[in-house]
Each structure stands twice: as C-alpha cells, then as structure tokens.
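Worksheet: the structure to be examined is printed underneath.
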Amino acid sequence: MKPPVVKDYLTEALFQLLQEKPYHRITINELVNRAGVCRASFYRNYLTMDQIIEEYLQNLFHQIYTEHPLDPEHMRSSLEIIFARLMRDRQRLLVLGRQGLLQNLQQYILKSTTNEILRFGVMNNRYQPHYFAGASSAMISAWIGYGMEESAAEMADLFIKSLYGYMKLTPDDV
C-alpha cells in the first residue's frame, strides 16, 4: 500500500468539507487544517482549490479509460464496467454535482473519447470526438444530477439505446 501523500490528504479533506458547506465558503485555512497539513504544503501542490477538483476528475477518467479501454466487440460490457467504476466514486461525484462543480466534465471525457476513436480507427471528421464527448458527458452529468439511481448495467443499456435507434440514418442518407 502506498503511503498517503499531501495531495491525498487535501483531496479527502476537500470532499469532506464539500459535504458540509458550499464550495465558495471553504477557505484554504479550513482545508489545510482538516487535511492536517501546512499552508505551504497546499501551495507547493496547488494554486487554487479548483485544481484539486480538476486533478481528481482528470485522474478518475484517465484511470477509467486506461484500466478499462472500450472493446468494440463487447461495447455493452465495456460501458457497464465504466459506469460501475463511476459508481465506485458515487459519493464524490454526487457532492460535485450538488455543488455545481462538474462544468468541466466534458474536457476530461473528450481526451479519452478522442483516444478511443483514434484507437478504433473510426475517425471520420475532427468534430466526431467532440460530438461523442458532449453526449457522453451530458449523459453522465444527468445521471449524477438524478442521483445516480440507475445501476451500471441500466446505464450501459441506456447509453447503447441512445446510440442505436435515435435516428434511422444509413450511410446512404449522408
């Protein structure tokens, strides 16, 4: 087991404080006191508290797509694994959603989406990753906003159903 580091303490402390009060009312002093670190330790790692949240989300989505790359042969099960991984962070994601701190979710999904589209070799235009990242992040944000009530399996099904059958287009229609 890796030893805890200052960033881990700060992240945990911030999420604890977010459960107690609005983000804009949390001070650096409160954060470092809760984390049990000195103010200088905070500023050695971050310029703002926003960076803690950004790093958390960036790491979360990087880890998800690194550990569980999409498999086009088994797309539904790949999606279920991704939603299950998000469900493991349910408490943190729900608090970020309640606090209105998920506005940059799309940028974290965009990088992973672009990598997956390139890996599959299905890039047909430069806007495609943005389209899928926008749809994916909107769906994930809505799921969080609705309290993450659906299971990972239900979300995988809903995601697939959203891709197929939404429009009855064929390549000849384009």
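Along the sequence shown, the residues carry numbers beginning at 1.
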So, are R90 and E149 salt-bridged, with charged N and O less than 4.0 Å apart?
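Not counted as a salt bridge, because no side-chain N and carboxylate O are separated by less than 4.0 Å.
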Flag the pair [X] / [Y] as yes when at least one side-chain heavy-atom distance between them is below 4.5 Å, and no otherwise.
{"X": "F159", "Y": "I82", "value": "no"}
{"X": "K21", "Y": "E30", "value": "yes"}
{"X": "L96", "Y": "L57", "value": "yes"}
{"X": "M155", "Y": "M148", "value": "no"}
{"X": "R85", "Y": "Q63", "value": "yes"}
{"X": "D50", "Y": "Y23", "value": "yes"}
{"X": "R92", "Y": "Q19", "value": "no"}
{"X": "Y56", "Y": "L93", "value": "yes"}

[atom1]/[X] to [atom2]/[Y] distance, rounded to the nearest 0.5 angstrom?
{"X": "R126", "Y": "T114", "atom1": "CZ", "atom2": "OG1", "answer": "13.0 Å"}
{"X": "L110", "Y": "H130", "atom1": "CG", "atom2": "NE2", "answer": "5.0 Å"}
{"X": "L101", "Y": "I52", "atom1": "CG", "atom2": "CD1", "answer": "11.5 Å"}
{"X": "Q58", "Y": "Q51", "atom1": "CD", "atom2": "CD", "answer": "11.0 Å"}
{"X": "L18", "Y": "L94", "atom1": "CG", "atom2": "CG", "answer": "12.5 Å"}
{"X": "L79", "Y": "L158", "atom1": "CG", "atom2": "CG", "answer": "11.0 Å"}

Counting N and O atoms only, with roles assigned by atom type, does the side chain of [X] sit under 3.5 Å from a partner on the main chain of [Y], one being a donor and the other an acceptor?
{"X": "Y108", "Y": "S137", "result": "no"}
{"X": "R34", "Y": "Y9", "result": "no"}
{"X": "Q128", "Y": "V122", "result": "yes"}

So, for [X] and [Y], which heavy atoms are closest and what is the spacing to 0.1 Å?
{"X": "L105", "Y": "S141", "value": "CD2-OG, 3.2 Å"}
{"X": "M87", "Y": "S151", "value": "CE-CA, 4.3 Å"}
{"X": "C38", "Y": "V32", "value": "O-CG1, 4.0 Å"}
{"X": "T113", "Y": "P129", "value": "CG2-O, 3.7 Å"}
{"X": "Y43", "Y": "L47", "value": "CE2-O, 3.8 Å"}
{"X": "E116", "Y": "L70", "value": "OE1-N, 3.0 Å"}

Taking atom NE2 of H62 as the centre, does the number of heavy atoms from other residues, nucleotides or ligands within less than 6.0 Å exceed 12?
no
How about E20: does its CD atom have over 12 heavy atoms from other parts shown lying under 6.0 Å from it?
yes
How would you list all residue pairs meeting side chain to side chain donor-acceptor pair (under 3.5 Å) that involve residues 94-106, not counting sequence neighbours?
none
Are T48 and I28 close enough, and set up right, to give a side-chain contact (heavy atoms from CB on, under 4.5 Å), and what steps lead you there?
CA-CA 9 Å; T48 67; I28 299 294; over 6 Å; no
Are F83 and I81 in one and the same hydrophobic cluster, where Ile, Leu, Val, Met, Phe, Trp and Tyr link if side-chain heavy atoms are under 4.5 Å apart?
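Result: no, two separate clusters.
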Stepwise, does the side-chain contact (heavy atoms from CB on, under 4.5 Å) test hold for Y46 with E55?
CA-CA 10 Å; Y46 302 106; E55 184 176 84; 2.7 Å; yes
Criterion side-chain contact (heavy atoms from CB on, under 4.5 Å) on F132 and I117, from CA distance to verdict:
CA-CA 10 Å; F132 284 108; I117 287 172; 4.1 Å; yes
